[in-house]
Structures are given as structure tokens and as C-alpha cells.
Engineer: 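Sharing a structure with you now.
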2 protein chains.
Amino acid sequence: MPRKKTVEPDITTEEKIKEAARKVFMQKGYAGTRTRDIAEEAGLNLALLNYYFRSKEKLFEIVMMEKVQKLFGVLAPILNDTSTTLEKKIELAATNHIGMLMENPDLPLFVMSEIRNNPERFAGKIQAVKLIQESHFVKQLKEKRPDINPLHFVISLLGMVLFPFIAKPVLQEAGSLSAKGFQSMMEERKALIPFWMKALLKTR
Amino acid sequence: MPRKKTVEPDITTEEKIKEAARKVFMQKGYAGTRTRDIAEEAGLNLALLNYYFRSKEKLFEIVMMEKVQKLFGVLAPILNDTSTTLEKKIELAATNHIGMLMENPDLPLFVMSEIRNNPERFAGKIQAVKLIQESHFVKQLKEKRPDINPLHFVISLLGMVLFPFIAKPVLQEAGSLSAKGFQSMMEERKALIPFWMKALLKTR
DNA sequence: AAAGTTTTTAATCAAATGATTAAAAATAAG
DNA sequence: CTTATTTTTAATCATTTGATTAAAAACTTT
């Protein structure tokens, strides 16, 4: 059995800081986060943050890129799978994306608003439209329904999937919608959204 | 002719500050805004902000409430008009809401993320779900399609309308979509969304 | 174990930031 | 015109905040 170092931390200090940073940045946004919040959340000395990551900004950029990747990373392989039908892609996109978002419900609002607050920082680093336009999904859609603007269709699909998560803070205001209620609603939408989007494909 | 005071400002100082505050808060969010930014934007001394509004927070609350009202204020009268059909309500909601949002494209993302960053501040002050549930629109929908969960339908409608504005910063990243392109897309959606939402009403 | 290296800590800095104050300027009232 | 009131300004405070530093502690290598 390989001997452990004295008090081997199964989680490294660097990772502890990142983990805390993820939590606090997601909760308060970049501008609303103080480096001291992160240090406290991680249970570590403030100076360690700068020792490992040089600055608040550098640390944020790492977290942010992770989050962008997480938010859109699920979709790319689904929309570009050349072996599945258009309908299947819609099903998978809805189900998998909602599944991931139920575990990371703040992801969309966080990413959108941070890009919004500081567009320069991400200039050129994200190519959502190009990614959509050149996808196999759009190719299939153009063949089946050349009269439908693919961008409209994809944005509507994404809107149906993402919007409830973005509106969650408003929906849950005043206890109008419980956490449980929200969850079961999103579970229903996994099937409902594909059903509705397929119905739109049949419109004439 | 009523004599003007010497150097009567057609816009009051108080309003100048509010105007500047609207602009800067919308651009950078509450946490990212410095009171000095607002003073500078208004071309006024920093102390005037506190003279007229007591604090950054108080000023923000005024601006924020205006924005919430603007974001949802258009919808309530449309959804509760007892003299229009379900279909007409969908048309009006889409057209009017998109029209207003084209002139205030950052509104949805601003409101959502500020509520998200500080839910306590708005506890009980917004009742979106209740407003929806008790609307005449939902009553009509329940009659026509008792099998459809009204919340799903409304959220989908709102998603189709609001999401493009929320995703705008991402869509316009890397110049993938020009400002002009975005505008004409939203103009198209004024007709497309009602068309699609009505199609969903016919699904069986 | 001794020497060297890496990690962690407490203390401190400098700049930024929300707010206040006391005086000046502008306006209104007598 | 003089006095009172309101508005505006410059200067300054007290905190907060991102970052640094120098020393201590923990760990590695020899």
C-alpha cells in the first residue's frame, strides 16, 4: 500500500480555492465578490489566493471559462452527431441540457450577465452563432424545412430550455413556486419541449 | 408669457442624476457601479447624489423598481383584457413586448441578474407567478386546452420573446450577429412567435 | 538531522469607494 | 437690498478591498 504523506489533503489547496471561487462568483457575480469572501469560503488565508492565482481577475477567468464550457459543451456533440435524426437531436438536446441545468441552475444567468457586464473580456472567445450555423443540426433542418430560418428555430429551442432557469429567481420570488415545484416542472419539460418543437416542424 | 426663473433648467438636477443612474446601473449592474460613475455621467458633483437620494442603495431601488415595472408592465393589461381572444392576446403580447424590448434590449438580463444577486432586497415585491396564474389569459387557455399546463405555455411564450434579448451579448460576440441582423430578426419574431404559439394550441 | 524548498500566515499598503461636512453660490422671501 | 433658504462644491473621512511582504510553518531532499 502506498504510504500517504503526513496529513495528505485529498483535495489540494489550489482546488479548494477554485471550488470556493466557483461558489462565490456564481452567487454574487464578479463585481459583487470580494476576494476575502472566497478565502473565507475556502477556510484559507487571503494571501493564498494571490499566491496561487496572482489576482482576482485571473481566478475569475478560469472559473468563467469552465462555466461557459459547461453551459454550451453539452450541446455541440449532440447537434453535430451525423448519425442521429433531427428529431432525435431535439430530444437529446432538451433532455441532456435540462438534466445538466437542473444540477447547475444558475449557470445560464451567471454566464450571460458576466458577458454582458464586461463584453471586452470575452471578445472573440465565444462563437455561439457560428457554432449553430455550421452544425449538422442546421444542415438537417434546412433540408427538411428550407422555409424556416434555422436561427429562429434554435433560439426558440434554447429559449424554451434556458429561460425557465434564467427566470427562476423571479418565479420563486414570494414563494410563488417552490423549489420542488420548479424541479418537477423542469422534469416535465424534458418531454414537453421536444413534443412542441416537433409540432413546429410540422407547421405549414 | 410666464417668466422663467433665471437659468431655468428644463431638466431638474434630481432627474439628471436618475437618468445617469439608469444608464450606468443598466450597463454595469449594482455592484459594478461606482457612485462616482453616476456623478460623472450626470456631469455633477458626487455629493449631490447623496443630497437627493441619501445613498447608492436608495437610488438603485428607485431605478430598479422602474425597470421591473417596465419589463412586466406591458404584459399585465394585455393578458387581463377580458374583451380579446386567446389568440389576440398572444399576438399582442409578442408584438408589444418585443417592440418595447427592442428599445430596451438590456432590460430582461438586468432585472433577472439583479434579483438573482440580491433576492432578499426584492422579497415579496414581485409576484410573477401569481400574476400569471390569475390572469384572464390563463382562464381562457384552461378552457380551450385543459390538458396544457398554463405555466408551461406562458414560460415558453416568454422564453421565445425574452431569451433572444438575454442571449444578445453572446449572440453578438465575435461579430457573429450584427446589431442590424439582430434587429431584423426580432422584427420577424413579432409575427413568427404568435404563429408558432398558435400552432402549439392545435397540437393533440 | 540539516539544509533547502514550498506553502501558509499575520500584518500592512495603497487605492478605491460610499458618505459626510462646512463653506460657497444661487435662488427665494421679506 | 437684505436676510433666509436651497442647492452646489471642494475637501475630507472612514471603510473596504485587492494585493504585497516578510516571517513562520510544513514539507522534501540529501
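Fair warning: this is a prediction, and the values are worked out from it, not measured in the lab. Lettering of chains follows the sequences in order, A, B, ..., and the numbering in each one begins at 1. Reckoned from all heavy atoms, side chains included, excluding hydrogens, waters and symmetry mates.
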Engineer: Output the rounded distance in Å from CG (B:Leu44) to C1' (D:dA10).
Structural biologist: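 In whole Å, D:dA10 C1' and B:Leu44 CG are 15 Å from each other.
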
Engineer: Closer to the 5' end of DNA chain D via nearest nucleotide, is it A:Asn45 or A:Arg34?
Structural biologist: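 So the residue in question is A:Arg34.
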
Engineer: Within 45 degrees of the ring normal and closer than 6.0 Å to the centroid, is that where the cationic atom of A:Lys56 sits relative to A:Tyr30?
Structural biologist: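 Here A:Lys56 passes the 6.0 Å and 45° test against A:Tyr30.
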
Engineer: Report the distance from atom CZ of B:Arg36 to atom C1' of D:dT15, rounded to the nearest whole Å.
Structural biologist: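 So the two atoms are 12 Å apart, to the nearest Å.
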
Engineer: Return the value, rounded to whole Å, for the distance between atom CG of A:Leu46 and atom C1' of D:dA22.
Structural biologist: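 Interatomic distance, CG of A:Leu46 to C1' of D:dA22: 16 Å.
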
Engineer: Look at atom CD of A:Glu188 and say whether more than 12 heavy atoms of other residues, nucleotides or ligands are closer to it than 6.0 Å.
Structural biologist: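 Counting other residues, nucleotides and ligands, CD of A:Glu188 exceeds 12 neighbours.
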
Engineer: Looking only at the side chain of A:Tyr51 (C-beta and beyond, no hydrogens), which of the listed nucleotides D:dT9, D:dT6, C:dT8 gets closest?
Structural biologist: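 Selected nucleotide (nearest to the side chain): C:dT8.
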
Engineer: Which part of the nucleic acid, if any, lies within contact of A:Phe53, taking any heavy atom under 4.0 Å across all strands shown: a base, the sugar-phosphate backbone alone, or nothing?
Structural biologist: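 Nothing, no nucleic acid heavy atom in range.
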
Engineer: For the pair made of CZ in B:Arg54 and P in C:dT21, what is the distance, rounded to whole Å?
Structural biologist: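 In whole Å, C:dT21 P and B:Arg54 CZ are 11 Å from each other.
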
Engineer: Is the shortest distance from a Lys or Arg side-chain nitrogen in A:Glu41 or A:Lys16 to a carboxylate oxygen in the other one below 4.0 Å?
Structural biologist: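 Salt bridge between A:Glu41 and A:Lys16, a charged N being under 4.0 Å from a carboxylate O: no.
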
Engineer: Identify which nucleotide among C:dT7, C:dA19, D:dT6 has an atom closest to any side-chain atom of A:Tyr52, counting heavy atoms from C-beta outward.
Structural biologist: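 Comparing C:dT7, C:dA19, D:dT6 against the side chain of A:Tyr52, the answer is C:dT7.
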
Engineer: Whole Å only: how far is the CG atom of B:Asp37 from the C1' atom of C:dT17?
Structural biologist: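 For the pair B:Asp37 CG and C:dT17 C1', the rounded distance is 10 Å.
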
Engineer: Return no unless some side-chain N or O of A:Thr35 is found under 4.0 Å from OP1 or OP2 of D:dT17.
Structural biologist: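 So the side chain of A:Thr35 is outside the cut-off, no N or O lying under 4.0 Å from OP1 or OP2 of D:dT17.
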
Engineer: Less than 4.5 Å apart, side chain to side chain, heavy atoms only: is that true for B:Asn118 and A:Lys28?
Structural biologist: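 Contact flag for B:Asn118/A:Lys28 side chains = no.
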
Engineer: Counting only side-chain heavy atoms from C-beta out, which of D:dA19, C:dG18, D:dT8 sits nearest to A:Ser55?
Structural biologist: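 Nearest to the side-chain atoms of A:Ser55, counting from C-beta on, is D:dA19.
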
Engineer: Between A:Asp37 (side chain only) and A:Arg34 (backbone N and O only), is there a donor and an acceptor less than 3.5 Å apart?
Structural biologist: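 Yes, because the side chain of A:Asp37 sits within donor-acceptor range (under 3.5 Å) of the backbone of A:Arg34.
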
Engineer: When you measure from the side-chain N and O atoms of A:Thr13 to the phosphate of C:dT8, is any distance below 4.0 Å, counting only OP1 and OP2?
Structural biologist: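 For C:dT8, OP1 or OP2 has a side-chain N or O of A:Thr13 closer than 4.0 Å.
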
Engineer: If I take atom CD in residue A:Glu57 and atom C1' in nucleotide D:dA19, what distance separates them, rounded to the nearest angstrom?
Structural biologist: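 Taking atom C1' of D:dA19 as the reference, CD of A:Glu57 is at 14 Å.
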
Engineer: How many Å lie between NZ on A:Lys56 and C1' on C:dA15, as a whole number?
Structural biologist: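 Distance check: A:Lys56 NZ to C:dA15 C1' gives 14 Å.
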
Engineer: Provide, to the nearest angstrom, the distance between the CD atom belonging to A:Glu40 and the P atom belonging to D:dG18.
Structural biologist: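 Rounding to the nearest Å, CD of A:Glu40 and P of D:dG18 are 13 Å apart.
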
